[in-house]
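Everything on this sheet refers to the single structure shown next.
Order of appearance sets the numbers: ligands from 1, and atoms from 1 within every ligand.
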Amino acid sequence: MNLNLISIADLSSEEILAILDRADKLKARRNDAACRSILAGKSLATIFEKPSTRTRVSLEVAMTDLGGHALYLSSKDIQLGRGETIADTARVLSRLVHGIAARVYDHSTVEELARHATVPVINSLSDFEHPCQILADLMTMRERFGHLEGLKVAWVGDGNNVCNSTILAAALMGMEMRVASPPGYGPDRKILDQADSLGGGTVIVVTDPVKAARGADVVETDTWVSMGDEAEAAKRVEAFGRYQVNADLLRHASDDVIVMHCLPAHRGQEITDDVMDGPRSAILDESENRLHSVKAVLEKLMVR
Ligand code: CP
Ligand code: NVA
């Protein structure tokens with residue numbers, strides 16, 4: 001059986017905890033040359049339909065640190081961009097490499113890649129989910145609080161791909177999540193129903209950011225204008241005006257609150273400079289943990 005990571009819910013809570021344990025170990029062993037045998041001789045094709053800093057760099061450095069090799073394939077530069085089918089791309093890459101990571105506009109593209117590939121496929125962001133980001137986020141929360149179960153997580157802003165994956169993770173890991181979005185920009189109904197069916201945590205959707213932030217251990221946000229939403233930018237900036245993570249909002253959260261953002265940020269829109277650079281920010285740890293957590297994912301999927 002092929003093993004993929006398309007949705008965070010492809011993993012059970014036990015598998016997530018095992019990945020986080022392994023990521024902690026790999027973080028402690030960052031400079032241990034013995035890690036270079038873990039993926040020795042393995043290659044990962046990384047397809048990007050959209051720009052990336054953290055995802056691209058973490059995948060490439062992870063493969064290098066584990067002794068393997070990553071290939072950066074902009075969708076514009078490979079034949080996929082000229083109309084070669086997703087299925088043929090998946091079949092051919094499966095004969096050449098040991099894994100495929102893909103950042104795509106349409107979630108169905110990464111699902112189709114996975115259907116036709118015979119090597120593991122990793123969703124490195126689609127319009128619907130961003131599972132690799134959420135593993136780094138969970139790792140960061142656990143580093144700060146020592147546990148995940150029972151954590152109160154407030155999401156303030158767009159009910160987007162990162163929000164969707166966080167909701168599923170909250171349900172899997174027994175967290176209490178409150179999402180505050182402007183009317184019409186809340187998370188997808190399918191995701192909320194799926195979270196319900198996973199049991200475990202609770203997910204509540206509100207419109208008032210203060211209601212979400214009250215007593216929260218984690219306050220999380222993301223851009224108001226995701227990649228692919230650019231045509232609606234002006235309308236969105238208008239709709240999201242009061243959904244900003246700032247010092248006033250944080251006054252309602254727990255005294256030990258941490259602030260998270262997957263980045264890239266639009267400083268002065270969804271988050272203020274003082275919060276982003278302030279003492280409650282866990283944002284740079286979150287970015288660094290993309291590397292350690294994705295190593296654990298690559299090892300799980302590619303060492304068989
Ligand atoms: N957080 C994240 O996925 O960042 P990039 O778009 O830079 O990869
Ligand atoms: N929601 C953002 C995340 C970027 C990492 C986007 O999809 O553009």
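Among protein heavy atoms, the minimum distance from atom 6 (O) of ligand 1 is reached at Arg103 NH1, 2.8 Å. The closest protein non-hydrogen atom to atom 6 (C) of ligand 2 is Ser226 OG, 3.3 Å. The nearest heavy-atom contact from the protein to atom 7 (O) of ligand 1 is Thr53 N, 2.7 Å. Of the protein's non-hydrogen atoms, Arg54 NE, 2.9 Å is the one closest to atom 4 (O) of ligand 1. Among all protein heavy atoms, the one lying closest to atom 7 (O) of ligand 2 is Asn161 ND2, 2.8 Å. Considering only non-hydrogen protein atoms, atom 8 (O) of ligand 2 sits nearest to Met227 N, 2.8 Å. Among all protein heavy atoms, the one lying closest to atom 3 (C) of ligand 2 is Asp222 OD2, 3.6 Å.
For residues 29-80, every residue pair satisfying the ring-ring contact (aromatic ring centres under 6.0 Å, His included) rule, not counting sequence neighbours, is listed here: Phe48-Tyr72.
Side-chain contact of Asp10 with Asn4: a donor-acceptor pair under 3.5 Å is absent, judged by distance alone. The closest side-chain donor-acceptor pair between Ser254 and Asp256, if any, does not fall under 3.5 angstrom. In summary, the side chains of Asn161 and Gln133 do not present any donor paired with an acceptor at a separation below 3.5 Å, with no hydrogens or angles considered. Under 3.5 Å, the side chains of Thr221 and Glu270 contain no donor-acceptor pair of N or O atoms. Looking at Thr140 and Asn289, their side chains do bring a donor and an acceptor atom within 3.5 Å of each other. Between the side chains of Glu176 and Thr202, no donor-acceptor pair of N or O atoms lies under 3.5 Å.
Judged by distance alone, with hydrogens and angles left aside, the side-chain atoms of Tyr243 form a donor-acceptor pair with the main-chain N or O of Thr207 at under 3.5 Å.
Between the CG atom of Leu291 and the OG1 atom of Thr55 there is a distance of 12.0 Å, given to the nearest 0.5 Å.
Ligand 2 lies nowhere less than 4.0 angstrom from a heavy atom belonging to Asp127.
Distances below 4.0 Å separate heavy atoms of His130 from the following atoms of ligand 1: 2 (C), 3 (O). Ligand 2 places these atoms under 4.0 Å from at least one heavy atom of Leu263: 5 (C). Ligand 1 places these atoms under 4.0 Å from at least one heavy atom of Leu263: 1 (N), 2 (C), 4 (O). The contact set between ligand 1 and Cys262, taken as ligand atoms under 4.0 Å from a residue heavy atom, comprises 1 (N). Near Asn160, with a cut-off below 4.0 Å to any heavy atom, the atoms of ligand 2 are 1 (N). Heavy-atom proximity to Arg290, at under 4.0 Å, picks out these atoms of ligand 1: 1 (N), 2 (C), 3 (O). Of all atoms in ligand 2, listed by their number and element, those nearer than 4.0 Å to a heavy atom of Leu125 are 3 (C), 4 (C), 5 (C), 7 (O).
Heavy-atom minimum distance, Ala117 versus Ser94: CA-OG, 3.3 Å.
Checked against a 3.5 angstrom limit, the closest N/O atoms of Ser52 and ligand 1 fall inside it.
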